[in-house]
Asker: 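Okay, here's the structure, questions in a sec.
Here the structure is a predicted model, which means the values were calculated and not measured.
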Amino acid sequence: NCIIPSAGAASRFKDLGKAYPKSLLPYHDKPIIQHNIEKLYDQVDMFTIVVKEKYLSMYEEILGMYPTYDKVGFSIPDESKNEGPLTSVWSGKRDCHWECTDVLIVLSDIIIEDDVDLSRHFLSYQTVDDWERWCLVAPGIKLFDKPKERPAVEELWALNGLYYVPRKSFDKIGDIISNPMNEETQLSYWLKDITDLELLEVKVRDFGTLEEYVNERKTPLCRHFNELKTDRYIVTKSSSDKNKIYKEYSWFQNIPDILKPYTVRTFGVDYAPFSYSMESVGFPTLREYMLFLGTENFDGLLSEIHTYIEKERSFVGGSFFSEIYSKTKTRMEGTFDQDQIDRMLSRLSQHEDIIESNTSIMHGDMVGSNIFYDEKLNEIKLIDPKGDLYGSFLYDLAKLTQTFTTPYDYIDGGLYVANYVYRNHQHKYREQWDTFLYNNYREFLGTIEVLTDSLMCSLIPLHSDTPKNQKLYKEWCDDILL
């Protein structure tokens, strides 16, 4: 039997950890925990996952999509006991088949990369550089739990999350957690007295912090036809679409001075390869705040966005409707049926007069990944404009609505498995954004909604390098086109 304790608070995963247990988070198209279930499936009779009751239905829904679910069961931690990973492990006993003679414990924030030999009992380890945040072990199973200074022993490794023990050793946990204590029950309280095990080197991928998780995911920073090169101070953007690069750079140069504090500084165009350089920004994007970090100053962010929109709105000019209509029609062809296309174009046409009477300077691509936000200084910096100087501020509001109310950023950011998109934590941003639009642009609500829908329907061809993303966008669009 395999017990996977997954009832921790995930506090180091910030806003994302408040919405989802980290073992369910997606990594390479599967939940973290699913990688281990598949790795061990043929060697394990039953997986007992210890989960908080409020997340049980989520585990059942997500893990139920996989054929390995037939060996998965769940246990709810005993709230009368002290909290902690050891208590969570012991809670798994209630739902195990206890005719077993051996128990495998696998921590929920790792992915096992090596094959695991269950012919003998062991504690797994690996060599690490950041030893101060690990429970360390020396030969003879001498433990040092997150020491402040490196222990003075020659050979020292980090225990990394697999513990295969005989039943008699496992049962000692019950004696430990039955004694009241004023702190979380740590695995080290138990492991320090287990001496009849081998130390086995097993490579695992660790997701102990949000930073490690985000870095390991390696989600692309730009579209397949663009390329970014970065150093500490400068970012250079090149593209196979030379005209787009020139238009973007020209936009930065040609916008009025009053708008330039809201954009990154650019430093020039190079023609071999065709590229332009800009300052490197050292704070997160709006997408990173929404998907992962959370922000305590969302009202301040909306205030900055409102100030920028009103400034660009004050520069009137150009014609825009025909471009939006033509782009929507062309990009929907080949992806949607004719009835859907006609329905979308009919809705757009009903707002032609409003769009044409509200033309202005616009950024043109104000999605979450193109807005950097300094939470402390309450400043935004915009990158990657569409390139056309004039359009409509309503289009920028629609782009922002796409970020705050649709699954776009969550899908494009790779925060999904199969057809499940991880955006439970989006609702608070959507509610505040809806209130913001109502308070400031209520006369344009219908137009912004239609423009947002047309944006979602027309973006699908741009994501040909990620067919899974395209499929999810199409499913969402099919629903709004009913």
Asker: Output the distance between atom CD1 (I194) and atom CG (L187), rounded to the nearest 0.5 Å.
Answerer: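 Spacing of CD1 (I194) from CG (L187) equals 11.0 Å.
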Asker: Does the side chain of S6 come under 3.5 Å of the side chain of S23 through a donor N or O and an acceptor N or O?
Answerer: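 Yes - a donor-acceptor pair under 3.5 Å links their side chains.
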Asker: Apply the test side chain to side chain donor-acceptor pair (under 3.5 Å) to residues Q126 and D206: give CA-CA distance (whole Å), side-chain angles for both, the deciding distance (0.1 Å), then the verdict.
Answerer: CA-CA 11 Å; Q126 67 186 40; D206 175 62; over 6 Å; no
Asker: Where do K203 and N160 land on the side-chain contact (heavy atoms from CB on, under 4.5 Å) test, with the steps shown first?
Answerer: CA-CA 8 Å; K203 185 179 179 181; N160 61 3; over 6 Å; no
Asker: If the threshold is 4.0 Å, N to carboxylate O, is there a salt bridge linking D339 and R343?
Answerer: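 Salt bridge absent between D339 and R343.
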Asker: Going by the angle between their ring planes, with limits at 30° and 60°, are F74 and Y69 parallel, tilted or perpendicular?
Answerer: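 F74 and Y69: tilted rings.
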Asker: Which atom pair, heavy atoms only, marks the closest approach of N424 to M58?
Answerer: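 Taking every non-hydrogen atom into account, ND2-CE, 3.6 Å.
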Asker: Taking V128's backbone N and O only, do any of them form a donor-acceptor pair with W157's side chain (distance below 3.5 Å, no angle check)?
Answerer: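 No; zero donor-acceptor contacts below 3.5 Å.
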Asker: Please give me the minimum heavy-atom distance between Y163 and L107, naming the atom from each residue.
Answerer: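 Taking every non-hydrogen atom into account, OH-CD1, 4.0 Å.
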Asker: I need the minimum non-hydrogen distance between Q426 and T406, along with the two atoms involved.
Answerer: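 So the two residues come closest at NE2-O, 2.9 Å.
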Asker: Is there side-chain contact between F170 and I3, with at least one heavy-atom pair below 4.5 Å?
Answerer: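 A side-chain contact exists here, since the closest heavy-atom pair is under 4.5 Å.
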Asker: Is the distance between the ring centroids of F298 and F404 under 6.0 Å?
Answerer: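 So the answer is yes for these two rings.
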Asker: In terms of the angle between their ring planes, are Y164 and H121 parallel, tilted or perpendicular, with boundaries placed at 30° and 60°?
Answerer: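 Geometry flag for H121 against Y164: tilted rings.
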Asker: Can you give me the closest heavy-atom contact between P5 and V89, atom names plus distance?
Answerer: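 Heavy atoms only, the tightest pair is CG-CG2, 3.7 Å.
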Asker: Distance from L118 atom CG to L40 atom CG, nearest 0.5 Å?
Answerer: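 CG of L40 is found 7.0 Å from CG of L118.
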Asker: Is it the case that atom NZ in K329 sees more than 12 heavy atoms from other parts of the structure closer than 6.0 Å?
Answerer: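 Open.
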Asker: With a 4.0 Å cut-off on N to O distance, would you call D374 and K381 a salt bridge?
Answerer: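 Between K381 and D374 there is no salt bridge, as every charged N stays at least 4.0 Å from the carboxylate O atoms.
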Asker: What I'd like to find out is whether the side chain of P407 reaches to under 4.5 Å of the side chain of L472, using heavy atoms alone.
Answerer: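 Of all side-chain heavy-atom pairs linking L472 with P407, none is under 4.5 Å.
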Asker: Please determine whether ring-ring contact (aromatic ring centres under 6.0 Å, His included) holds for the pair W476 and Y408, giving the CA-CA distance in whole Å, both sets of side-chain angles, and the decisive distance to 0.1 Å.
Answerer: CA-CA 10 Å; W476 194 88; Y408 169 72; over 10 Å; no
Asker: Less than 4.0 angstrom from a charged side-chain N to a carboxylate O is my criterion; do D145 and K192 meet it?
Answerer: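 No.
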Asker: Do the rings of Y420 and Y20 sit parallel, tilted or perpendicular, given the 30° and 60° boundaries?
Answerer: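 Taking Y20 first and then Y420, their aromatic rings stand perpendicular (interplane angle over 60°).
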Asker: If you look at every heavy atom in D396 and G364, which pair is closest and at what distance?
Answerer: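 The answer is OD1-N, 2.7 Å.
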Asker: Using 4.0 Å as the upper bound for N to carboxylate O, is an ion pair formed by K172 and D193?
Answerer: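 Salt bridge between D193 and K172, a charged N being under 4.0 Å from a carboxylate O: no.
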Asker: Using the side-chain contact (heavy atoms from CB on, under 4.5 Å) rule, take Y308 and E304 through it: C-alpha gap first, then chi angles, then the decisive distance, then the call.
Answerer: CA-CA 6 Å; Y308 172 79; E304 274 290 278; over 6 Å; no
Asker: Is the distance between the ring centroids of H306 and Y441 less than 6.0 Å?
Answerer: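 Centroid separation for H306 and Y441: below 6.0 Å.
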Asker: Within a strict 4.5 Å, meaning less than it, do heavy atoms of the S75 and I49 side chains meet?
Answerer: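 SC-SC contact between S75 and I49 ruled out.
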Asker: Might you confirm whether atom NZ of K142 has over 12 heavy atoms from other residues, nucleotides or ligands at distances under 6.0 Å?
Answerer: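 No, because the 6.0 Å sphere around NZ of K142 holds 12 heavy atoms or fewer from other groups.
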Asker: Quick one: do the N297 and T295 side chains pair a donor with an acceptor below 3.5 Å?
Answerer: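 The criterion, which ignores hydrogens and geometry beyond distance, is not satisfied for T295 and N297.
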Asker: Is the shortest side-chain heavy-atom distance between V264 and V281 below 4.5 Å?
Answerer: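 V264 reaches V281 side chain to side chain.
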Asker: Under a 4.0 Å N-O cut-off, is there an ion pair linking D102 with R167?
Answerer: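 Looking at D102 and R167, the cut-off is not met.
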Asker: Quick test of your reading of the model: are K148 and E132 salt-bridged, counting only N-O distances below 4.0 Å?
Answerer: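 No salt bridge links K148 with E132.
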Asker: Report the C-alpha separation of H425 and F292 in whole Å, then their side-chain angles, then the decisive distance to 0.1 Å, and conclude whether the ring-ring contact (aromatic ring centres under 6.0 Å, His included) test is met.
Answerer: CA-CA 9 Å; H425 47 319; F292 306 118; 8.1 Å; no
Asker: Indicate yes or no for a side-chain donor-acceptor contact from R150 to the backbone of V153 under 3.5 Å, with no hydrogens or angles considered.
Answerer: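 A pair under 3.5 Å: yes.
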Asker: Quick check: closest heavy atoms across A7 and S88, and the distance to 0.1 Å?
Answerer: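 So the two residues come closest at CB-OG, 3.9 Å.
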Asker: Taking atom CD of E475 as the centre, does the number of heavy atoms from other residues, nucleotides or ligands within less than 6.0 Å exceed 12?
Answerer: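 Check passes, neighbour count above 12.
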Asker: Could R133 and D130 be called an ion pair, given the rule that one side-chain N must be under 4.0 Å from one carboxylate O?
Answerer: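 Judged by the 4.0 Å cut-off on N to carboxylate O distance, R133 and D130 do form a salt bridge.
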Asker: Do K22 and D109 pass the salt bridge (Lys or Arg N to Asp or Glu O under 4.0 Å) test, and can you show the C-alpha distance, the side-chain angles, and the key distance before you say yes or no?
Answerer: CA-CA 7 Å; K22 58 186 173 182; D109 56 358; 3.3 Å; yes
Asker: What I want to find out is whether R217 reaches E212 closely enough, with some N-O distance under 4.0 Å, to be called a salt bridge.
Answerer: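 Not counted as a salt bridge, because no side-chain N and carboxylate O are separated by less than 4.0 Å.
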Asker: Look up atom CD in E288 and atom CG in L293, then write down how far apart they are to the nearest 0.5 Å.
Answerer: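 Going from CD on E288 over to CG on L293, the span is 6.5 Å.
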Asker: Are D342 and Q338 linked by a side-chain donor-acceptor pair shorter than 3.5 Å?
Answerer: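 Per modelled atom types, D342 and Q338 side chains form a pair under 3.5 Å.
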Asker: Do the non-hydrogen side-chain atoms of V450 and M344 ever get within less than 4.5 Å of each other?
Answerer: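 Contact flag for V450/M344 side chains = yes.
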Asker: Are side-chain heavy atoms of D384 and K237 found at a separation under 4.5 Å?
Answerer: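 Yes, their side chains come closer than 4.5 Å.
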Asker: Does Y289 have its ring centroid less than 6.0 Å away from the ring centroid of Y373?
Answerer: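 They qualify: ring centres under 6.0 Å apart.
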Asker: Assess the residue pair L301 and Q432 against the criterion (side-chain contact (heavy atoms from CB on, under 4.5 Å)); give the C-alpha distance rounded to whole Å, side-chain angles, the decisive distance to 0.1 Å, and a yes or no.
Answerer: CA-CA 11 Å; L301 169 63; Q432 289 178 267; over 6 Å; no
Asker: Start with the C-alpha gap between T68 and Q34, add the side-chain angles, then the distance that decides, and say whether side chain to side chain donor-acceptor pair (under 3.5 Å) holds.
Answerer: CA-CA 9 Å; T68 52; Q34 181 63 24; 2.8 Å; yes
Asker: Taking only residues two or more places apart in sequence, or in another chain, which ones meet Y55 in a ring pair (Phe, Tyr, Trp, His ring centres under 6.0 Å)?
Answerer: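 Per chain and number, Y55 pairs via ring pair (Phe, Tyr, Trp, His ring centres under 6.0 Å) with no residue.
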Asker: Donor-acceptor pair, S458 side chain versus L455 backbone, under 3.5 Å?
Answerer: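 Yes; at least one donor-acceptor contact below 3.5 Å.
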Asker: Between K71 and Y41, is NZ or CZ placed under 6.0 angstrom from the six-membered ring centre and within 45° of the ring axis?
Answerer: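 Flagged: K71 positioned over aromatic ring of Y41.
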Asker: Quick one, T328 and L348 - any side-chain contact, counting heavy atoms below 4.5 Å?
Answerer: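 A side-chain contact under 4.5 Å exists here.
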Asker: With a 6.0 Å cut-off (strictly less than), is the heavy-atom count around NZ of K428, excluding the residue itself, greater than 12?
Answerer: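 Enclosed.
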Asker: Quick one: do the T87 and T185 side chains pair a donor with an acceptor below 3.5 Å?
Answerer: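 Result is yes, a qualifying pair exists.
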Asker: Kindly assign one of parallel, tilted or perpendicular to the pair F283 and F372, based on the angle between their ring planes and the thresholds 30° and 60°.
Answerer: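 F283 and F372: perpendicular rings.
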Asker: Do T401 and W433 pair up side chain to side chain, a donor and an acceptor below 3.5 Å, judged on atom types alone?
Answerer: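 The criterion, which ignores hydrogens and geometry beyond distance, is satisfied for W433 and T401.
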Asker: Are the side chains of Q402 and L459 in touch, meaning some heavy atoms are under 4.5 Å apart?
Answerer: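 Counting from C-beta outward, Q402 and L459 do come under 4.5 Å.
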Asker: For a quick test of your reading: what N or O donor-acceptor pairs under 3.5 Å do the side chains of residues 25-33 make, sequence neighbours left out?
Answerer:
residue, atom, partner, partner atom, Å
Y27, OH, R205, NE, 3.3
D29, OD2, K468, NZ, 2.8
K30, NZ, E38, OE1, 2.6

Asker: Passes side-chain contact (heavy atoms from CB on, under 4.5 Å), R423 versus D409? Steps please.
Answerer: CA-CA 9 Å; R423 62 182 191 121; D409 278 86; over 6 Å; no
